[in-house]
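Worksheet for the structure shown next.
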Amino acid sequence: MLFDGPGGWPIEKGWWKRTPEQFGDQLRWCEYCGIAIETYTRDANDWIDDVSESMYKKLEEIGSPKLKKPGRINLVRIKDGIIDQESKVGVKEIRKELFYDSFASRFDGKKSVLFPERFDTVVVLEHNQKIGEIEKWIKEQGRQFKKIFFITDSEYIYRELQKLYIENQQIHVLKSHKIWGNSFAYAIRHCHDFQPIWYFSDLLYLKEEFYEDIRNSVINPGTLHYINLEKHSSDILETDSNSGCIAMYHKEAEALKEAGIDFISNAAGFDEILKIWNPEKIIKMSFEMIEDTSVMRIQNDKVYAVYGAGKTGYSALQQIRESNSKAIFFVDTDSKKWGKYIEGIPVAAPQELVTRRKEFSQVVIASTYFKEIKEKLESLGFTSDDYVIYE
């Protein structure tokens, strides 16, 4: 809209008089996001726009009237993929809420970001798949999923799984007769409405940390995350495979809704589903698609040391505990804080990080002086893999 398209209406007098239906085309552009980067949020009532330097220059070029209003623009400076602390004046912490019972009302005063809890999955079984292998996969991977839909063209596998899981609310076995799409369409219809859906062309084992990273990411409903294992190697697999594919999508995706249930029901395989997606909305599935957020995020079930014994350090401690992780000590350059405690956790000198290095996984930098702290850590022998920056 601002920069002559594509899409949108020109900025002109009376634009607000148009009806909601006339803005329908803009909904298509909402699907291009992929996975949203976890940065920070701001109260809309502040009437402040956070603008990157490159976007600020574009707004200047078109003579945006908002730039002339003092205090309405916060210039966000980014270096090496990290937002400068001075650019975060007045921002709020992200409120993580699991919320998927109503797509239309997913955001309100208490809910601001959509994070998946667990997933549903559709798994296509090989004709000669052994029952024991299927049971092993369920035992090791099944805890990640609320519902599992197995599709098989084998009468024997169908019959045996039905006997084993007839009263199991998680496992659903579908018999694929001549048309694969019938079973796939049934699975889509019966998956949860507001959760991402996985598709496996075989019994594939994904790394548990990949599932965890996805659960901590905002999944755009229009994007297809996909990898063809015959053409590309994958860093997300627990066990390597050079056949089949993995996909993650959402039943509310515009591509599926436009194709319609009749098309899906008559599809011969996932290759036909792939063709209905705009190529620009297909993202190769790997750790790379989420690494920008995961490397700077406090993880679950880890042991940390916290650099910074002030208010930010206290906030980081709460985040660590909420993530089911543990902080064993704080360090600070202020010698007056040494020997004191924050909620029962001692504060020590930075040298303690070297002395007790084997006791913790990473250092959480919890201070506005994070650049100086990074330099200090590097002087002590730490690398970028050894710390995370608390946002």
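In this structure, L174 and S183 approach most closely via the heavy-atom pair CD1-O, 3.4 Å. Among all heavy-atom pairs drawn from D332 and V347, the shortest one is CB-CG1, 4.3 Å. The minimum heavy-atom distance linking M285 with H225 is given by the pair CE-O, 3.1 Å. Residues A316 and I298 approach most closely at O-CD1, 4.1 Å, considering heavy atoms. Of all the heavy atoms in R321 and I345, the pair that sits closest is NH2-CD1, 3.7 Å. Taking every heavy atom of both residues into account, F270 and W180 meet most closely at N-CH2, 3.6 Å.
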| said: Set out, in order, the CA-CA distance, both residues' side-chain angles and the distance that settles side-chain contact (heavy atoms from CB on, under 4.5 Å) for N278 and L224, then state yes or no. | reply: CA-CA 9 Å; N278 185 328; L224 175 68; over 6 Å; no
| request: Apply the test side-chain contact (heavy atoms from CB on, under 4.5 Å) to residues E208 and Q144: give CA-CA distance (whole Å), side-chain angles for both, the deciding distance (0.1 Å), then the verdict. | output: CA-CA 9 Å; E208 189 166 334; Q144 307 290 351; 3.7 Å; yes
| request: For side-chain contact (heavy atoms from CB on, under 4.5 Å), just list the numbers for F382 and E378, CA-CA rounded to whole Å, side-chain angles, deciding distance to a tenth of an Å, and then say yes or no. | output: CA-CA 5 Å; F382 291 86; E378 288 167 7; 5.9 Å; no
| request: Apply side-chain contact (heavy atoms from CB on, under 4.5 Å) to the pair F150 and L203, showing each step before the final yes or no. | output: CA-CA 10 Å; F150 288 116; L203 295 178; 4.2 Å; yes
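Here the options are Y341, W338, F360, the test is ring-ring contact (aromatic ring centres under 6.0 Å, His included), and the partner is F329; only F360 passes. Results of the side-chain hydrogen bond (donor to acceptor under 3.5 Å, both in side chains) test with Q129 over E133, E126, H127 single out E133 as the only residue that passes. No option in H192, Q195, K251 other than H192 meets the side-chain hydrogen bond (donor to acceptor under 3.5 Å, both in side chains) test with D120.
When side chains are defined from C-beta on, L229 does not count as touching N242, because their heavy atoms never get closer than 4.5 Å. Two residues are said to be in side-chain contact when any heavy atoms from C-beta on lie closer than 4.5 Å; V363 and V306 fail this criterion. Two residues are said to be in side-chain contact when any heavy atoms from C-beta on lie closer than 4.5 Å; E372 and K376 fail this criterion. For the pair F149/I188, no side-chain contact is recorded, criterion being any heavy-atom separation below 4.5 Å from C-beta on. No side-chain heavy atom of Y165 sits under 4.5 Å from any side-chain heavy atom of Q170. With a 4.5 Å cut-off on side-chain heavy atoms, I83 and V76 count as touching. The shortest distance between side-chain heavy atoms of W137 and L125 does not fall below 4.5 Å. When side chains are defined from C-beta on, Y156 counts as touching E160, because their heavy atoms get closer than 4.5 Å.
At distances below 3.5 Å, at least one donor-acceptor pair connects side-chain atoms of Q362 with backbone N or O atoms of D385. One N or O on the side chain of N74 and one on the backbone of S87 form a donor-acceptor pair closer than 3.5 Å. The backbone N or O of S325 sits nowhere less than 3.5 Å from a side-chain atom of S323 that would complete a donor-acceptor pair. Judged purely by atom type and a 3.5 angstrom limit, T152 has no side-chain atom pairing as donor or acceptor with the backbone of Y158. In this structure, T312 contributes its side chain and G308 its backbone to no donor-acceptor pair below 3.5 Å. Of the possible donor and acceptor atoms, none in the side chain of W198 sits under 3.5 Å from a partner among the backbone N and O of Y249. Formation of a donor-acceptor pair under 3.5 Å by the Y304 side chain with backbone atoms of Q299 is found in this model. No donor-acceptor pair under 3.5 Å is formed between the side chain of D202 and the backbone N or O of L204. A donor-acceptor pair under 3.5 Å is absent between the side-chain atoms of H232 and the main chain of N228, judged by distance alone. A donor-acceptor pair under 3.5 Å is formed between the side chain of D386 and the backbone N or O of T383.
Looking only at atom types and distance, the side chain of N300 has a donor-acceptor partner in the side chain of E212 under 3.5 Å away. Side-chain contact annotation: Q141 with Y211, donor-acceptor N/O pair under 3.5 Å present.
Here the two rings, on F287 and F210, have centers that are under 6.0 Å apart.
With a 6.0 Å radius and a threshold of 12 heavy atoms from other residues, nucleotides or ligands, F263 has its CZ atom above the threshold. Residue K275 places its NZ atom among 12 or fewer non-hydrogen atoms of other residues, nucleotides or ligands, all under 6.0 Å distant. Atom CD of E343 has more than 12 heavy atoms from other residues, nucleotides or ligands within 6.0 Å. Enclosure of atom NZ in K326 is not indicated, since only 12 or fewer non-hydrogen atoms of other residues, nucleotides or ligands lie within 6.0 angstrom. With a 6.0 Å radius and a threshold of 12 heavy atoms from other residues, nucleotides or ligands, K175 has its NZ atom above the threshold.
Here the CD1 atom belonging to I157 is positioned 10.5 Å from the CD atom belonging to E155, to the nearest 0.5 angstrom. Note: K147 NZ to N168 CG = 12.0 Å, rounded to the nearest 0.5 Å. If you take CG on L256 and CD1 on I197, they are separated by 8.0 Å, rounding to the nearest 0.5 Å. Taking CE from M248 and OG1 from T223, the interatomic distance works out to 9.0 Å, rounded to the nearest 0.5 Å. Atoms CD1 and CD1, on I283 and I227 in that order, are 13.0 Å from each other to the nearest 0.5 Å. Between the CD1 atom in I148 and the CD1 atom in I171 there is a gap of 4.0 Å [rounded to 0.5 Å].
Note on E60 versus K57: no salt bridge recorded, every NZ/NE/NH1/NH2 to OD/OE distance being 4.0 Å or above. A salt bridge does not link K58 to E53: none of the charged nitrogens lies less than 4.0 Å from a carboxylate oxygen. A salt bridge does not link R77 with E86: none of the charged nitrogens is closer than 4.0 Å to a carboxylate oxygen. A salt bridge is defined here as a Lys NZ or Arg NE, NH1 or NH2 lying under 4.0 Å from an Asp or Glu carboxylate O, and K66 with D49 meets this definition.
Following chains of ILVMFWY side-chain contacts shorter than 4.5 Å, one cannot reach W47 starting from L67, and the two form parts of different hydrophobic clusters. Linking Ile, Leu, Val, Met, Phe, Trp and Tyr whenever their side-chain heavy atoms come within less than 4.5 Å leaves I261 and I273 in two separate clusters. Residues L237 and I214 are members of one and the same hydrophobic cluster, defined by side-chain heavy-atom contacts under 4.5 angstrom among Ile, Leu, Val, Met, Phe, Trp and Tyr. No single ILVMFWY cluster, assembled from side-chain heavy atoms under 4.5 Å apart, contains both I264 and I179. Residues I328 and L377 share a hydrophobic cluster, clusters being chains of Ile/Leu/Val/Met/Phe/Trp/Tyr side chains in contact below 4.5 Å.
Using bins of under 30°, 30° to 60° and over 60° for the plane-to-plane angle, the ring pair F184/Y199 lands in the perpendicular bin.
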